[in-house]
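All values below come from the heavy atoms of this structure, side chains included, with hydrogens, waters and symmetry mates left out. Letters go in sequence order (proteins before strands), and every chain restarts at 1.
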2 protein chains.
Amino acid sequence: MAKPGRGPSMHDVAARAGVSHQTVSRVLNEFPGIRPETRQRVLLAIDELGYRRNVAARSLATGRSQTIGVIIPNTTDFGPVSSFYAVEAAVREAGLQALVTATSDEPRAVEESLDFLMARSIEALVLMAPTRMVVDVVDALKPPVPIAYLLTGDERAPWSVSVHQQQGVDLMVDHLVGLGHTRIQHIRGPESSIEAELRAEEFGQQIRARRLVELPILTGDWTAQSGFDACEQVDPAATAIFCGNDQMAIGLIHAAVNKGMRVPEDVTVVGFDDIPEAVHTLPPLTTVRQDFGAVARLAVKALVAALEGEEMPDTSPLPAQLVVRESTAPASATARR
Amino acid sequence: MAKPGRGPSMHDVAARAGVSHQTVSRVLNEFPGIRPETRQRVLLAIDELGYRRNVAARSLATGRSQTIGVIIPNTTDFGPVSSFYAVEAAVREAGLQALVTATSDEPRAVEESLDFLMARSIEALVLMAPTRMVVDVVDALKPPVPIAYLLTGDERAPWSVSVHQQQGVDLMVDHLVGLGHTRIQHIRGPESSIEAELRAEEFGQQIRARRLVELPILTGDWTAQSGFDACEQVDPAATAIFCGNDQMAIGLIHAAVNKGMRVPEDVTVVGFDDIPEAVHTLPPLTTVRQDFGAVARLAVKALVAALEGEEMPDTSPLPAQLVVRESTAPASATARR
DNA sequence: CCGCGCGATGTTACCGTGAACATCTTCCGA
DNA sequence: TCGGAAGATGTTCACGGTAACATCGCGCGG
């Protein structure tokens, strides 16, 4: 029987079922060519003993860790976190396990994370890389496994899976222009952020293509505080402010109201992401929804396909969705300061 | 040399350093009694070959998985998520790895999570259990490992690590009473939630102990939407509303403002948790801060101590902290509807 | 001068599984 | 009736470490 401190092994099951351990292995791995009766005996023995396959031994014997590594920025933002949950669920459903490390924005921390994961011989990596730096550090270390770049939104990166950032920006600009706004100012996310860059670039192109007034693009760091602070530099003539994410919009609205302005009567403010709180901000926020769960599942699907040698799914950017709430009003209604 | 597809093994290192594989093992495990010169040769060989210890083999040989399981509710709430990051960091720092499963509120999902973790022979479990149900399901399955109950706040549970809920409530009630409020209404979290229960109980006791007006306790589900909805049932005579968390406070404020009330001029509203957005809600929210990182680190410390057979750290509840912002005003200033 | 003990290192036997190969049975056609 | 192929199962070994025990050499005390 089993040794003390360890559970029953295949041999215990085999002994009980009156077969060899290899037959047990075959039953577990669903090999063809097992007599139904034998299979039943084995399954019964497994059940009676409460046997569980030893993952470590299996992984040692096969040389496969059955593990997908995940690197996630240690922010509590809605986007990465919901994507992570979806990744974890998808990985588990695929019969693998997800090993996660949360990492700060320092190169050293990223290296440590990757090192940690490689030491556990992960078979693939989901890289939630908000910044170019993270992508660069990881690429420099050339991990010998397939990598899905999640939420980077950068199509130049191989295996990138994300929501179509440009399309999201287009939807929002359409909406604002449709309301008659011509003086739209953008508060982008930090310089280091790939998504911030993409959104800002697309915004600029849209403004120029539509021959709207070009106002300087302000820079925040995704936090509500930075939106609050950015208010100081907002052009007084701007009738609409397009924030790079919802948190900054929240901070901006706070600052604007502090200054005695009303949203949206005096100024229209919009965000990006559609975090849960966006429904109940004052006023409720018009924003662009990204399906963080869907991109995550797609990334895992792609990686699993790569591991199994199956055909790759289509990883082109997923559609974004405009969510109109109450923080936007027609430009005509806007009283200038 | 190493087989194709696998990295170098201890034998490769041993061969290169001109020692036995066991000496390599001893160097790696920092055994005493290795000649400094030998140790150097081994370290050099490890470095040259880029050798990494095979975690699976090690775990098979020792019978220890070096893994701590984590069960987290799949909500993107600030509390659990920040605690999780802290857990992950602490576990990694302790030389172990954290294996996480996000689980929904259904018993079946909890069972599956636990099963998944046990199959990977975790050595300990961090259980972020918001509901009594999760605790019950896990306890019923009697996992044979030490369990830290994180954020349940229930001192009746063994190994519970959390912020002192009652103290947090007391701080807030003190604050409100200090402002002259006597008609305070509480919107608690869901029936199933342990923390909601603790906060509501303590609130009730405080109200009775101070002989304040007893208003019915309303029930939400932690979401902003439920706070919004609860506004309908708020007693018109209440001058202060104590929400069980910040999200519900956000929803409540939204509804109150929709009804034409001003916060805090017409009604005082407070929350609990101090989520990042609380600084920039309109008005900025008075709330109770919990140090989610600290509890997480403490939980891991306790588990590691249990695994190493060391002395247990003190796991009594951590202090909560009152954060006064602008959503509270003296009761005298409150105009009745 | 010899043997003992101890420090430093080597040898061997596992840990629990899967892969490759061996063996045994059975069934079918010549 | 017998040979052979195919199906079902058993045996052996390898995976890469750790643990227990064995060995070797050296210094020191009797």
Side-chain angles (χ1 to χ4, degrees), chain A residues 1-43 45-46 49-67 95 118-121 123, chain B residues 1-43 45-46 49-67 95 118-121 123:
Chain A
M1 177 51 206
K3 320 289 180 290
R6 303 219 186 202
S9 77
M10 248 183 204
H11 290 90
D12 302 318
V13 174
R16 177 152 195 136
V19 295
S20 73
H21 84 273
Q22 183 63 323
T23 300
V24 176
S25 171
R26 285 192 265 251
V27 168
L28 285 170
N29 292 325
E30 300 186 333
F31 271 60
I34 305 277
R35 236 186 316 168
E37 176 203 316
T38 310
R39 147 180 261 101
Q40 283 312 316
R41 275 216 317 280
V42 170
L43 291 178
I46 287 177
L49 265 49
Y51 165 78
R52 300 188 127 120
R53 187 154 40 175
N54 181 313
V55 186
R58 175 176 158 87
S59 141
L60 175 59
T62 58
R64 294 193 47 182
S65 65
Q66 313 266 50
T67 300
M118 292 316 299
R120 271 130 193 104
S121 39
E123 296 183 39
Chain B
M1 175 55 207
K3 319 291 182 286
R6 303 220 186 201
S9 77
M10 244 180 206
H11 290 89
D12 303 317
V13 174
R16 178 154 196 134
V19 296
S20 73
H21 76 276
Q22 181 64 332
T23 300
V24 177
S25 170
R26 284 192 265 252
V27 168
L28 286 170
N29 292 324
E30 300 185 333
F31 271 59
I34 305 277
R35 236 183 317 165
E37 178 202 315
T38 311
R39 146 180 261 103
Q40 283 311 317
R41 277 217 315 281
V42 170
L43 291 176
I46 287 177
L49 265 50
Y51 165 78
R52 299 189 128 120
R53 186 153 45 173
N54 181 312
V55 184
R58 175 175 156 87
S59 145
L60 175 59
T62 57
R64 293 194 47 183
S65 65
Q66 312 267 48
T67 301
M118 292 316 299
R120 272 129 191 104
S121 40
E123 296 183 38

Contacts of [X] that satisfy side chain to side chain donor-acceptor pair (under 3.5 Å) - sequence neighbours left out:
| X | value |
| --- | --- |
| B:R39 | none |
| B:S20 | B:T23 |
| B:Q66 | none |

Select from B:G18 and A:V24 the residue whose nearest nucleotide in DNA chain C is closer to the 5' end of that strand.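 Between the two, 5'-proximity favours B:G18.
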5' precedence on DNA chain C between B:L60 and B:S20 (nearest-nucleotide basis):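 Of the two residues, B:S20 wins.
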Please work out if B:R64 contacts a base, only the sugar-phosphate, or nothing of the nucleic acid, heavy-atom cut-off 4.0 Å.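 The residue B:R64 makes no contact with any strand.
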At 4.0 Å (heavy atoms only), tell me whether B:V55 reaches a base, stays on the sugar-phosphate, or touches nothing. nothing
side-chain N/O B:T23 vs C:dG10 OP1/OP2, d < 4.0 Å: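 Yes, B:T23 has a side-chain N/O under 4.0 Å of OP1/OP2 on C:dG10.
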May I ask you to evaluate whether B:S25 reaches the phosphate of D:dG17, defined as a side-chain N or O under 4.0 Å from OP1 or OP2?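 Result: no.
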Whole angstrom is fine here: how far is it from [atom1] in [X] over to [atom2] in [N]?
| X | N | atom1 | atom2 | answer |
| --- | --- | --- | --- | --- |
| A:Q40 | D:dT9 | CD | P | 13 Å |
| B:E37 | C:dG7 | CD | P | 19 Å |
| B:M10 | D:dA14 | CE | C1' | 17 Å |
| B:R120 | C:dG16 | CZ | C1' | 16 Å |
| B:H11 | D:dG16 | NE2 | P | 9 Å |
| B:N54 | D:dT18 | CG | C1' | 13 Å |

So for the helix from C:dC1-D:dG30 to C:dA30-D:dT1, with five pairs setting each end axis, what is the inter-axis angle to 10°?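 Here the local axes at opposite ends form an angle of 70°.
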I'd like a table of atom pairs between the protein and nucleotides 6-8 of chain D - only N or O on both sides, under 3.5 Å - with the distance next to each one.
none

side-chain contact (heavy atoms from CB on, under 4.5 Å) with [X]: which residues, sequence neighbours excluded?
| X | answer |
| --- | --- |
| A:S25 | A:M10, A:Q22, A:N29 |
| B:T67 | B:S65, B:Q97, B:L99, B:I122 |
| A:E37 | A:R35, A:R41 |
| A:R16 | A:A45, A:E48, A:L49 |

How many angstroms lie between CZ in B:R120 and OG in A:S59, if you round to the nearest 0.5 Å?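 Those atoms lie 11.0 Å apart.
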Does A:I46 reach the side chain of A:L28, with side-chain heavy atoms less than 4.5 Å apart? yes
Pick out which of A:T38, A:V13, A:L43 makes a side-chain contact (heavy atoms from CB on, under 4.5 Å) with A:V27.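 Answer after filtering A:T38, A:V13, A:L43: A:L43.
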Show me the pairs that pass ring-ring contact (aromatic ring centres under 6.0 Å, His included) and involve residues 19-40 of chain B, at least two apart or across chains. B:H11-B:H21
Counting heavy atoms from C-beta on, name the nucleotide in D:dT9, D:dG17, C:dT17 closest to the side chain of B:R53. D:dG17
Salt bridge (charged side-chain N to carboxylate O under 4.0 Å, His left out) contacts in which one or both residues fall within residues 50-62 of chain B, not counting sequence neighbours: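 Sorted result for residues 50-62 of chain B: A:D115-B:R52.
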Could you run down the sub-3.5 Å N/O contacts of the protein with nucleotides 19-23 of chain C?
residue, atom, partner, partner atom, Å
C:dA19, N7, A:Q22, NE2, 2.6
C:dA19, N6, A:Q22, NE2, 3.1
C:dA20, N6, A:Q22, NE2, 3.1

